[in-house]
Participant: 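Before we start, here is the structure in question, set down as structure tokens.
Read the numbers this way: they start at 1 and go in the same order the structure lists the ligands and their atoms. Treat the numbers as computed from the prediction; the structure is a model and nothing was measured.
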Amino acid sequence: MKSLLDRASEHAQRYLEGIAERPVKATLTSAELRAALGGPLGAAGESPMAIIDRLAEAAAGGTVASAGPRYFGFVVGGSLPAAVAADWLVSAWDQNAGIFALSPLVSVVEDITAGWLRELASLPETMTVGFVTGCQMANFTALAAARHHVLQQAGWDVEARGLAGAPSVTVVTSDESHYTIFMALRLLGFGAATATRVPTDGQGRMRADTLREVLAATTGPTIVCAQAGNVNTGAFDPISEVAQAVDEARAGQAAQGWQGAQGRPVWLHVDGAFGLWAAASPARAHLVSGIARADSIATDAHKWLNVPYDSGLVFCAHPDAHRGAMALSAAYIQATAVERDPHEFVPEESRRGRAVPIYAALRSLGTAGVGEMIERCCRHAARIADQLQRHPHVRILNDVVLNQVLVRFDAPGRDADQLTRAVIAGVQEDGTCWLGGTTWHDMAAMRVAVSNWSTTAEDIDRSAAAILGVLDRL
Ligand SMILES: *Cc1c(COP(=O)(O)O)cnc(C)c1O
């Protein structure tokens, strides 16, 4: 066992030591990977050492260096060293983190980490926290709690009775809500196409004035989905104004039959997959101002908190709704009532100790370190935007308020959409850095997302030079 784990550790170290200088793209084709890894599963087992060697060799060319410093596609983050090491321990322990009785350690680490996370994001201590696989499942969990809560206030037990025959629930999103919100709505039986979509402004922010009109024109149980951090522009919905509109809607119809203490049941959910962590940087915290008023917040740890995949977080201001939507009960599950049973806050039953790498990441940085990491990524985003836009054929399409930059290439006599797509393809082929494309308000654009702890100013300069080099060759 020792020599096997030593070998895995050597492979991992070699991988991570080389990650900053290898091509960012994968260099093996799927056919080459199949040839290296496939074939029939033999009747006899093989040596674990040989299997680990085979995997490590394939990984050198078959992985994308998305954990490295010059990967700017999607919003992927990297993994802080303390988080990687802690994640190895989680695998070695092989704890089922479903209930306290199965893993007191994970239960307690979740509790401690939940407290630190609330503090970093300036959220109320009373919010419950679930450790899920990603923001998709965080959105799902939050909206399940929302569904529970608004329907319970309308006298309907949705967990027992389902949605058929239930009072209708108005779901409000924006035109720019992330597609995982709609996926969550699908899974929850609301349907993906039934939401009222509030228009957005030029940066992709929900129009609070239109939200107010939508809320005034509807009655009954309602769920509003706002966003902190647009996946293209990094822009934030005006959360304080949205929360204000929600408060007014709750109060406005109190006299029309909603006599509960909270008036009309309106739930405010915020998808803050990466944007929530602006809260950790004193210079950016104003962007999420008002978010502590949300009923639920979904976010990721595997993006900007730089822990290994997969790791998401859901915060909920209504512990009873959170538990009501998620808690399992079976005769053999021993709830302790005083200790934290992690399954009560997430859709899964059996699960790994996902909080442990987050615990290690946060402890290795401290509050100032987390804020500095967030701020540094934002500075790098501004730096690459600045360098790119000095070129006469580059246009930055967004206000760079966070870690996201939208770039368009536009030369006289060229179709800008085509040129932009050609630059993106050229950059991906070049391998100095990796960037993806998007369509923003009907324009092709290149997305830059800076979210890795290890990215330096030099990585930014090298990447900008590579991008402009591709442009000049086209
Ligand atoms: C990435 C992202 C999600 C989905 O998160 P996963 O971790 O991929 O499940 C949801 N919302 C926004 C705004 C995102 O950026």
Participant: Pairs of nitrogen or oxygen atoms closer than 3.5 Å, one from Asp271 and one from ligand 1: do any exist?
Facilitator: yes

Participant: Answer yes or no: does atom CZ of Arg34 have more than 12 heavy-atom neighbours from other residues, nucleotides or ligands under 6.0 Å?
Facilitator: no

Participant: For ligand 1 and Val231, I'd like to know whether there is a polar contact (N/O to N/O, distance under 3.5 Å).
Facilitator: no

Participant: Taking atom types as modelled, is there a side-chain donor on Thr299 or Trp277 under 3.5 Å from an acceptor on the other?
Facilitator: yes

Participant: Parallel, tilted or perpendicular: which describes the rings of Trp434 and Tyr71, with under 30° parallel and over 60° perpendicular?
Facilitator: parallel

Participant: Counting both backbone and side chain atoms, is some N or O of Asp300 under 3.5 Å from an N or O of ligand 1?
Facilitator: yes

Participant: Could you tell me whether Phe274 approaches ligand 1 through its side chain, its backbone, both or neither, with non-hydrogen atoms closer than 4.0 Å?
Facilitator: side chain

Participant: Under 3.5 Å, is there a donor-acceptor pair between the Gln244 and Ser240 side chains?
Facilitator: no

Participant: Using a strict cut-off of 4.0 Å, indicate which atoms of ligand 1 neighbour a heavy atom of Thr180.
Facilitator: 3 (C), 4 (C), 10 (C), 11 (N)

Participant: Heavy-atom contacts under 4.0 Å between His178 and ligand 1: side chain, backbone, both, or neither?
Facilitator: side chain

Participant: Is it the side chain (CB and beyond), the backbone, both or neither of Lys303 that lies under 4.0 Å from ligand 1, heavy atoms counted?
Facilitator: side chain

Participant: Quick one: which ligand 1 atoms are inside 4.0 Å of a heavy atom on His302?
Facilitator: 7 (O)

Participant: What atoms in ligand 1 come closer than 4.0 Å to a heavy atom of Gln136?
Facilitator: 4 (C), 5 (O), 6 (P), 9 (O)

Participant: With a 4.0 Å cut-off on heavy atoms, is Met137 in contact with ligand 1?
Facilitator: no

Participant: State, to 0.1 Å, how close Val198 and Arg207 come at their nearest heavy-atom pair, and which atoms those are.
Facilitator: CG1-O, 3.5 Å

Participant: Which ligand 1 atoms, with their elements, are less than 4.0 angstrom from a heavy-atom of Gly134?
Facilitator: 7 (O), 9 (O)

Participant: Give the residue, atom name and distance (to 0.1 Å) of the protein heavy atom nearest atom 6 (P) of ligand 1.
Facilitator: Cys135 N, 3.4 Å

Participant: Assess Arg197 against Phe182: is NZ or CZ under 6.0 Å from the centre of the six-membered ring, and within 45 degrees of the ring's axis?
Facilitator: yes

Participant: Just checking, any donor-acceptor pair under 3.5 angstrom between side chains of Thr456 and Arg462?
Facilitator: no

Participant: Out of Asp310, Asp87, Asn96, which one pairs with Arg352 under the side chain to side chain donor-acceptor pair (under 3.5 Å) rule?
Facilitator: Asp87

